[in-house]
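Taking it in order: structure first as structure tokens, then the write-up.
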Amino acid sequence: APLSKGLLLVLNGLTLMLTLLPQYQELFVYNLQAVIQQHQLWRLLCGRLVCLDVKDSFCSSLLIYNFRIFERRFGTRKFASFLLGTWCLSALTDFLLAKAFKFLFDYEVEELPAGLLAPVFSLFVPFYLSIPRMPVTQVLGHIHITNKSLVYIVGLQLLTSSPFMWLLALSGLISGGLYHSNVLRLQKLLFIPAWVSRVGRYILEPLFSSSQPTSETPLGMGATLDIQRQQRMDLLDQQLLLAQYNEARRNARQQPQAGLLQWTRLFPSLRHRGQNRPQMQPRPQGQTHPPTQPPLLDNSPVAEEQVARLVEMGFSRIDALEALRASNNDINMATNFLLQH
């Protein structure tokens, strides 16, 4: 994720520099009245990029670090196009919300918190819509903690850091919803050109990209927590499959126990996604020994909400249904096996 790393290093470096040189902070103040009355349009660029508050810079950096999953999933160009589109839309939305606030409460908003805040808040829209919520633990037996709770807590902390931060948050959510929904074909109007992406690839990737971890890299030696967890899951999957394969070979002529998880019936359709499952060959009449594997329970109930989550992640509906049936509606195990096969 070279763009996310570049934003973290450059923007935080500028914030630290302005903290040490306070005489230049006036140039980066996001003053709405100066833009409207004195036509200081350059404040839209300076005031909406660099944070002047260290706490705002820290919270926004944590959010950018967590939202780097979108750059890994969709690519740097699409991620940069989303940031550019929401940055432009939120600039207009800031003024509209300030005018609406003055009309409703007869109070004129002069300054807003500086920094790349509205585009950061806009990333909560795809985060809420496209990232599945996985339960992690419970607090006091009733409060569920998920894999997304920490991100929402950091966003709430950023929201309450200054009086008018809510205006930037609302502006970011509106602009993020408009761009994510492609209203008025905004994704075709506000995007990063291909030549800019190629130039950025030659400049940013050598500076901020990191090499893929090799299989020889031991766990914990420079690998992130996500990579360590994925490697452990891969190792457990391989051990489980090997054990089931050996057991199936030993008991090839025996009737399998009821309720045994038959992953071997699931893998062929997952390896050949988009293809129909092969037709079962008719059994000769003289064959009397029972089949080595029981058929899948195609009529077993499957939660439609979990099927929709897997489809949103890019899997076909047929593969999602088979994975959920085989995993007894365990979406974590179904997702893991869909990703690996």
Minimum-distance pair of heavy atoms, taken over all atoms of [X] and [Y]:
X      : Y      : value
Cys59  : Val154 : O-CG1, 3.7 Å
Arg77  : Ala194 : NH2-N, 3.4 Å
Glu304 : Arg317 : OE2-NH1, 2.9 Å
Pro113 : Ser162 : CG-OG, 3.1 Å
Arg133 : Arg309 : O-NH1, 3.1 Å

Working to the nearest 0.5 angstrom, can you tell me the gap between [X] [atom1] and [Y] [atom2]?
X      : Y     : atom1 : atom2 : value
Gln187 : Lys78 : CD    : NZ    : 6.5 Å
Gln157 : Leu63 : CD    : CG    : 10.5 Å
Phe79  : Leu84 : CZ    : CG    : 12.5 Å
Lys55  : Thr15 : NZ    : OG1   : 14.5 Å
Cys51  : Leu16 : SG    : CG    : 13.0 Å
Phe95  : Leu32 : CZ    : CG    : 5.0 Å

Crowded around [X] [atom1]? As in, over 12 foreign heavy atoms under 6.0 Å?
X     : atom1 : answer
Arg73 : CZ    : yes
Phe58 : CZ    : no
Leu21 : CG    : yes

So, [X] side chain and [Y] main chain: donor-acceptor pair closer than 3.5 Å or not?
X      : Y      : result
Arg68  : Lys5   : no
Ser161 : Leu158 : yes
Thr335 : Ile331 : yes
Thr146 : Lys148 : yes
Ser57  : Val54  : no
Ser81  : Ile192 : yes
Tyr179 : Leu190 : yes
Trp87  : Arg48  : yes
Gln25  : Leu18  : yes

Report task. Output, in order, the C-alpha distance, side-chain angles, deciding distance and verdict of side chain to side chain contact (heavy atoms under 4.5 Å, CB included) for Leu27 and Cys46. Result -> CA-CA 7 Å; Leu27 300 175; Cys46 298; 5.9 Å; no
State, with a plain yes or no, whether a side-chain heavy atom of [X] is found less than 4.5 Å away from one of [Y].
X      : Y      : value
Phe101 : Phe164 : yes
Pro126 : Phe67  : no
Gln306 : Asn329 : yes
Ile174 : Leu178 : yes
Ser60  : Leu117 : yes
Pro2   : Glu71  : yes
Leu150 : Ile145 : no
Tyr30  : Leu52  : no

Requested in this report: Verify the ring-centre separation between Tyr128 and Phe124: is it less than 6.0 angstrom?
Outcome: no
Check for me, please, whether [X] and [Y] land in the same ILVMFWY cluster - side-chain distances under 4.5 Å, paths through other members count.
X      : Y      : answer
Phe315 : Met134 : yes
Val151 : Ile153 : no
Leu96  : Leu41  : no
Tyr152 : Phe70  : yes
Leu129 : Leu170 : yes

Query raised in the report: Between Phe121 and Thr86, does a side chain to side chain contact (heavy atoms under 4.5 Å, CB included) hold up when you go through it step by step?
Result: CA-CA 10 Å; Phe121 280 111; Thr86 54; over 6 Å; no
Query raised in the report: Is it the case that Arg198 places NZ or CZ above or below the six-membered ring of Tyr202, under 6.0 angstrom from the centre and within 45 degrees of the axis?
Result: no
Query raised in the report: Thr93 and Ser90: side-chain donor and acceptor closer than 3.5 Å?
Result: no
Query raised in the report: Between Met165 and Asp56, is a side chain to side chain contact (heavy atoms under 4.5 Å, CB included) present by the stated rule, with each step listed?
Result: CA-CA 10 Å; Met165 186 66 74; Asp56 293 348; 3.7 Å; yes
Report task. Please test Trp166 against Leu159 for side chain to side chain contact (heavy atoms under 4.5 Å, CB included), starting from the C-alpha separation and ending with a verdict. Result -> CA-CA 6 Å; Trp166 64 268; Leu159 178 64; 4.1 Å; yes
